[in-house]
Amino acid sequence: MTRDDGHGWRATVLTLYPEMFPGPLGLSLSGDALARGDWTCEARNIRDHGLGRHRAVDDTPAGGGAGMVLRCDVLAAAIDAAAPPDDPRPRLLMSPRGRPLRQARVRALAEGAGVLIVCGRFEGVDERVIAGRNLEEVSIGDYVLSGGEIAALTLLDACVRLLPGVMGKPASGVEESFEGGLLEYPHYTRPRDWEGRAIPDVLCGGNHGAIARWRRAQAEAITAERRPDLDRGDDRPDP
Ligand code: SAH
């Protein structure tokens, strides 16, 4: 069914590379959801607001140093053209300096009207536009990408799969890694024996209580071993 009530989840992305969108999100579950109108993905070129004959968007850093910085006036013009001041959507700036993205924040974003995302390039953006346009810096992890586009695609993928009707079975979202502060238990499927490795007997016995207890114990053991920080409640909603 195609959704034409205009109430789909709306993503607007400001980027120097609009061709990167929807990119991989045009395929599979997110692509089907896009075709149905469950969400929309509008990519706008920051360079449309560039200055002069060359549509310049960047300039050299004040105080010197390597690289170029995205200009605050150009970026503000792009933001103002993309979203009116009363647009209810959060304005995110993909940035390695941001608060690390976690599943609780993804869930909150998916429950809202959508997002406006600014993708940085070069050394980053002029600090003044972050305050002047109320941008919330969001990081996808402690490493440095060459631009915000792949970070934006990552955030959008995480949000879109949570939209109502996007994943086949509603239940497949509720026991996953990070939900409930635990990593997920291991999965198995046929064949029952493979290269001398058998599926654990408890999963083949049909005792649903025993299966649930085994999965819970596995999730706790894997979390304790790999991510002890999650046990301290790091998936709680941000304050
Ligand atoms: N000089 C900056 C890095 C710039 S990388 C610094 O040291 O902090 C260029 C752009 O890529 C950034 O403006 C940002 O939009 C994006 N980016 C890089 N790493 C990212 C990450 N881990 N999470 C989100 N965005 C990232």
Side-chain angles (χ1 to χ4, degrees), residues 9-25 30 39 41-51 55-83 89-110 112 114-162 177-178 227 229-230 234-235 237-238:
W9 195 82
R10 289 197 307 130
T12 299
V13 183
L14 303 184
T15 167
L16 290 170
Y17 300 96
E19 308 87 337
M20 288 196 187
F21 296 87
L25 300 184
S30 54
W39 70 294
C41 186
E42 180 197 18
R44 302 176 66 115
N45 199 335
I46 296 167
R47 199 169 295 283
D48 292 346
H49 302 271
L51 305 174
R55 298 226 163 262
V57 297
D58 57 336
D59 213 325
T60 53
M68 299 292 272
V69 175
L70 273 167
R71 290 179 60 115
C72 51
D73 49 357
V74 170
L75 214 40
I79 293 167
D80 295 345
R89 295 175 297 166
R91 298 156 170 230
L92 312 180
L93 170 65
M94 305 318 298
S95 162
R97 284 188 343 188
R99 188 196 287 272
L101 184 64
R102 293 201 293 264
Q103 189 66 11
R105 179 76 176 122
V106 168
R107 212 179 305 116
L109 289 171
V115 284
L116 179 117
I117 304 179
V118 178
C119 300
R121 277 272 156 184
F122 321 120
E123 285 309 311
V125 311
D126 187 310
E127 187 73 20
R128 293 169 292 177
V129 76
I130 300 175
R133 289 298 178 276
N134 197 20
L135 302 180
E136 173 192 343
E137 293 181 75
V138 176
S139 168
I140 65 158
D142 292 342
Y143 37 79
V144 181
L145 305 169
S146 52
E149 287 77 12
I150 290 175
L153 288 167
T154 301
L155 181 146
L156 291 174
D157 181 85
C159 289
V160 166
R161 63 189 288 284
L162 296 184
S177 290
F178 307 114
R227 293 294 304 278
D229 56 304
L230 289 181
D234 279 9
D235 190 49
D238 293 326

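When a ligand or atom number is given, it counts from 1 through the structure's own listing order.
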(Q) Is the shortest side-chain heavy-atom distance between L93 and I130 below 4.5 Å? (A) yes
Q) Can you tell if the side chain of T15 reaches within under 4.5 Å of the side chain of R44, non-hydrogen atoms only? A) no
**Q.** Partner of E136 under side-chain hydrogen bond (donor to acceptor under 3.5 Å, both in side chains), chosen from R91, R99, R105
**A.** R105
Q. Is the count of non-hydrogen atoms from other residues, nucleotides or ligands lying under 6.0 Å from I150 atom CD1 greater than 12?
A. no
Does ligand 1 have any N/O atom under 3.5 Å from a protein N/O, and what are those pairs and their distances?
residue	atom	partner	partner atom	Å
ligand 1	1 (N)	E123	O	2.9
ligand 1	1 (N)	E123	OE1	3.2
ligand 1	11 (O)	G147	N	3.4
ligand 1	11 (O)	G148	N	3.4
ligand 1	15 (O)	M94	O	2.6
ligand 1	15 (O)	G120	N	2.9
ligand 1	19 (N)	L145	N	3.0
ligand 1	22 (N)	G141	O	2.9
ligand 1	22 (N)	Y143	O	2.8
ligand 1	23 (N)	I140	N	3.1
ligand 1	25 (N)	S95	N	3.2

Q. Got a sec, which residues hit side-chain contact (heavy atoms from CB on, under 4.5 Å) with P96, two or more places apart in sequence or on another chain?
A. none
Q.
Evaluate L109 against L162 for side chain to side chain contact (heavy atoms under 4.5 Å, CB included), listing each step before the verdict.
A. CA-CA 10 Å; L109 289 171; L162 296 184; over 6 Å; no
